[in-house]
Protein chains: 2
Amino acid sequence: MKESEARNRILNVTTRLFYEQGYNSTGINQIIEEAGIARASLYHHFPSKRDLLTAYLEEMGQQFVNELTAYLAPLKNPQRKILGLFDYRIERQYHTSFGGCHVMKISAELEKTDASAFSLVAAQKEKQKQAIINQVAQLHAKENAVLPGELLTETLFLLLEGATISSTIQKNIQPLKQARKAAAKLI
Amino acid sequence: MKESEARNRILNVTTRLFYEQGYNSTGINQIIEEAGIARASLYHHFPSKRDLLTAYLEEMGQQFVNELTAYLAPLKNPQRKILGLFDYRIERQYHTSFGGCHVMKISAELEKTDASAFSLVAAQKEKQKQAIINQVAQLHAKENAVLPGELLTETLFLLLEGATISSTIQKNIQPLKQARKAAAKLI
DNA sequence: ACACAAATAGACAGACCTGTCTATTTATTT
DNA sequence: AAATAAATAGACAGGTCTGTCTATTTGTGT
């Protein structure tokens with residue numbers, strides 16, 4: 001029922017354009033044209049542009065988690081999986097020509113007073129963080145670890161976030177490689 | 001000569017609006033109205049909107065460095081100054097109601113192919129990073145430090161960046177506090 | 001007093017924006 | 001076969017956008 005052909009085309013085009021051009025710079029008209037569907041069809045499935053934003057975030061969130069899970073699956077132990085988090089980001093940066101994290105991009109376009117949008121966005125980030133928590137939980141704490149468990153999780157997450165935005169601004173993967181190196185010393 | 005009254009008003013209003021609403025969502029008409037100047041005056045000083053962007057980045061960069069320098073000045077030793085970097089960000093987040101870093105916000109609105117804009121943006125970030133390098137250079141390396149000097153600098157920078165974006169998305173200072181805690185253990 | 005720069009008001013072009021509406025056609029289901 | 005849903009084309013309203021242009025007034029330095 002939700003699998004209609006037109007809806008899929010709309011969602012695919014929207015996802016691509018919102019990520020490449022941003023939310024504000026992407027117009028309904030462009031979506032209609034590139035998706036090759038009628039105006040009324042779009043408004044039938046998505047009554048307002050805001051509904052497209054919600055769908056975009058959910059779609060991208062789903063993709064991200066699926067891809068990450070697949071990427072980490074073959075890695076053998078928690079250490080390697082944690083380093084895999086950084087490698088995955090590196091691969092993604094190459095694949096998107098340094099487009100950066102979609103959640104960060106969208107959040108920068110939102111008015112800071114738009115609480116409902118920010119709660120959507122924050123929920124997406126929370127999911128990503130959960131992937132780290134799951135791995136750190138399986139680490140055998142080092143004898144004389146510099147950072148205790150919970151702080152280690154947070155630090156790894158923040159390193160990942162900082163390296164991602166930094167890599168996006170600099171348009172090279174150096175920050176992610178450095179973050180990976182630091183992570184290797186901390187786990 | 002560049003100190004004309006009208007120009008200052010334009011720049012002040014532009015700076016506020018670009019930061020609060022973003023670049024794409026701020027119109028020339030709104031700037032004119034809020035600055036209380038004539039349309040032709042704006043185009044006299046800034047021939048295109050793009051010129052406003054350049055001026056905005058330079059203005060904000062100047063402000064950021066000045067404020068940070070003033071904030072760190074009374075702190076006594078390199079350790080405290082490094083932790084001061086985090087405290088300064090916390091204060092800024094409160095002061096801007098969690099508006100976040102202006103460089104990150106703008107970079108998220110740029111097309112990733114806009115090389116000239118990205119080089120402006122990257123230069124601003126480089127300046128901020130330099131502030132950390134300066135402090136770390138004065139640290140006496142710990143005997144058995146987990147992270148060697150250069151990697152320590154990069155790690156502190158990435159922690160700061162990650163905690164800033166994370167704090168902006170979550171709308172609370174917890175990430176910055178955690179990053180500060182991690183930094184304290186690393187230096 | 002003269003010249004030049006800076007600022008003003010406001011109309012205008014040409015394009016784009018979101019969302020609504022009418023009226024018709026195609027599918028699917030019962 | 002009848003009814004319901006999904007899709008189509010395209011006009012339309014009301015607004016906003018950037019940038020240009022004319023024509024006039026204010027200010028400043030020489």
Side-chain angles (χ1 to χ4, degrees), chain A residues 1-59 105-106 108-111 113-114 116-117 120, chain B residues 1-59 105-106 108-111 113-114 116-117 120:
Chain A
M1 192 162 287
K2 280 202 166 185
E3 300 301 310
S4 90
E5 172 73 9
R7 191 179 190 278
N8 282 341
R9 296 168 68 106
I10 295 166
L11 199 48
N12 286 341
V13 169
T14 298
T15 297
R16 176 168 55 80
L17 293 181
F18 278 7
Y19 181 64
E20 286 177 1
Q21 306 181 344
Y23 177 73
N24 290 320
S25 298
T26 300
I28 300 289
N29 295 329
Q30 191 185 4
I31 295 174
I32 287 166
E33 193 183 352
E34 297 202 17
I37 51 95
R39 185 171 205 79
S41 304
L42 186 146
Y43 280 100
H44 172 70
H45 290 288
F46 304 95
S48 81
K49 194 181 176 183
R50 181 60 178 264
D51 294 303
L52 283 174
L53 177 60
T54 307
Y56 166 71
L57 283 173
E58 279 164 7
E59 173 70 16
K105 284 192 74 169
I106 278 292
E109 283 197 85
L110 302 173
E111 289 186 58
T113 53
D114 188 342
S116 79
L120 267 178
Chain B
M1 190 160 289
K2 280 202 165 185
E3 300 300 312
S4 89
E5 173 73 9
R7 191 179 191 277
N8 283 340
R9 296 168 69 108
I10 294 167
L11 200 48
N12 286 341
V13 169
T14 298
T15 298
R16 177 167 53 81
L17 293 181
F18 278 7
Y19 182 65
E20 286 176 1
Q21 306 179 345
Y23 176 72
N24 290 318
S25 299
T26 299
I28 300 288
N29 295 329
Q30 190 186 6
I31 295 174
I32 287 166
E33 192 184 353
E34 296 201 18
I37 50 96
R39 185 171 206 78
S41 304
L42 186 145
Y43 279 100
H44 172 71
H45 290 289
F46 304 95
S48 79
K49 194 181 177 184
R50 180 60 177 264
D51 295 302
L52 284 173
L53 177 61
T54 307
Y56 166 72
L57 282 173
E58 279 165 7
E59 172 71 15
K105 284 191 73 169
I106 278 293
E109 282 197 85
L110 301 174
E111 289 185 59
T113 55
D114 189 342
S116 80
L120 267 178

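Lettering follows sequence order; numbering is per chain, from 1.
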Asker: Can a donor-acceptor pair be found, under 3.5 Å and without considering hydrogens, that links the side chain of A:Asn12 to the backbone of A:Arg9?
Answerer: no
Asker: Any ion pair linking A:Arg16 and A:Glu34 (charged N to carboxylate O, less than 4.0 Å)?
Answerer: yes
Asker: Heavy atoms from C-beta onward define the side chain here; which of D:dG19, D:dA7, C:dG19 lies closest to that of A:Lys49?
Answerer: C:dG19
Asker: Starting at CG of A:Asn8 and ending at P of D:dA6, how long is that distance when rounded to a whole Å?
Answerer: 14 Å
Asker: Counting only heavy atoms from other residues, nucleotides and ligands, does the tally under 6.0 Å from CD of B:Glu111 exceed 12?
Answerer: no
Asker: Under 4.0 Å between a side-chain N or O of B:Ser41 and OP1 or OP2 of C:dA6?
Answerer: no
Asker: Between C:dA7 and B:His45, is there an OP1 or OP2 to side-chain N/O distance shorter than 4.0 Å?
Answerer: yes
Asker: Heavy-atom count around A:Gln30 CD within 6.0 Å, excluding the residue itself: above 12?
Answerer: yes
Asker: Measure from the side-chain heavy atoms of B:Ile28 and tell me the nearest of C:dA9, D:dT18, D:dG10.
Answerer: D:dT18
Asker: Separation of A:Leu52 atom CG from C:dC17 atom P, in whole Å?
Answerer: 14 Å
Asker: Could you state the atom-to-atom distance from CD1 of A:Ile32 to C1' of C:dC16 in whole Å?
Answerer: 13 Å
Asker: Output yes when A:Lys105 and A:Glu109 qualify as a salt bridge under the 4.0 Å nitrogen-oxygen rule, no when they do not.
Answerer: no
Asker: Please state whether the phosphate of C:dC16, meaning OP1 or OP2, lies under 4.0 angstrom from any side-chain nitrogen or oxygen of A:Asn29.
Answerer: no
Asker: On the six-membered ring of A:Tyr23, is A:Lys49 placed so that its NZ or CZ lies under 6.0 angstrom from the centre and within 45° of the ring axis?
Answerer: yes
Asker: In whole Å, I'd like the distance from the CZ atom of B:Arg50 to the C1' atom of D:dG19.
Answerer: 16 Å
Asker: Starting from C1' on D:dT20, measure out to CG on B:Leu42 and report it in whole angstrom.
Answerer: 13 Å
Asker: Give a yes/no answer on whether the side chain of B:Ser4 brings an N or O atom under 4.0 Å of OP1 or OP2 in C:dA7.
Answerer: yes
Asker: Figure out the CG/P separation between B:Asn24 and D:dT16, and round it to whole Å.
Answerer: 17 Å
Asker: Among C:dT8, C:dA6, D:dT18, find the nucleotide with the atom closest to the side chain of B:Ala38.
Answerer: C:dT8
Asker: Considering only side-chain heavy atoms of A:Ala6, which listed nucleotide, C:dT20, D:dT18, D:dA7, is closest?
Answerer: D:dA7
Asker: With nearest nucleotide decided by heavy atoms, which residue, B:Arg39 or B:Glu5, maps closer to the 5′ end of DNA chain C?
Answerer: B:Glu5
Asker: Regarding B:Thr26, tell me which of base, sugar-phosphate or nothing describes its non-hydrogen contacts under 4.0 Å with the strands shown.
Answerer: sugar-phosphate
Asker: Rounded to the Å, how far apart are A:Ile37 CD1 and D:dA7 P?
Answerer: 9 Å
Asker: Return the value, rounded to whole Å, for the distance between atom CD1 of B:Ile31 and atom P of D:dC17.
Answerer: 10 Å
Asker: Judged by atom type as modelled, is there a donor-acceptor pair below 3.5 Å linking the side chain of B:Ser41 to the main-chain atoms of B:Ile37?
Answerer: no
Asker: Could you check if a side-chain atom of B:Arg39 sits within less than 4.5 angstrom of a side-chain atom of B:Asn29, using non-hydrogen atoms only?
Answerer: yes
Asker: So which protein nitrogen or oxygen atoms get under 3.5 Å of nucleotides 23-25 of chain D's nitrogens or oxygens?
Answerer:
none

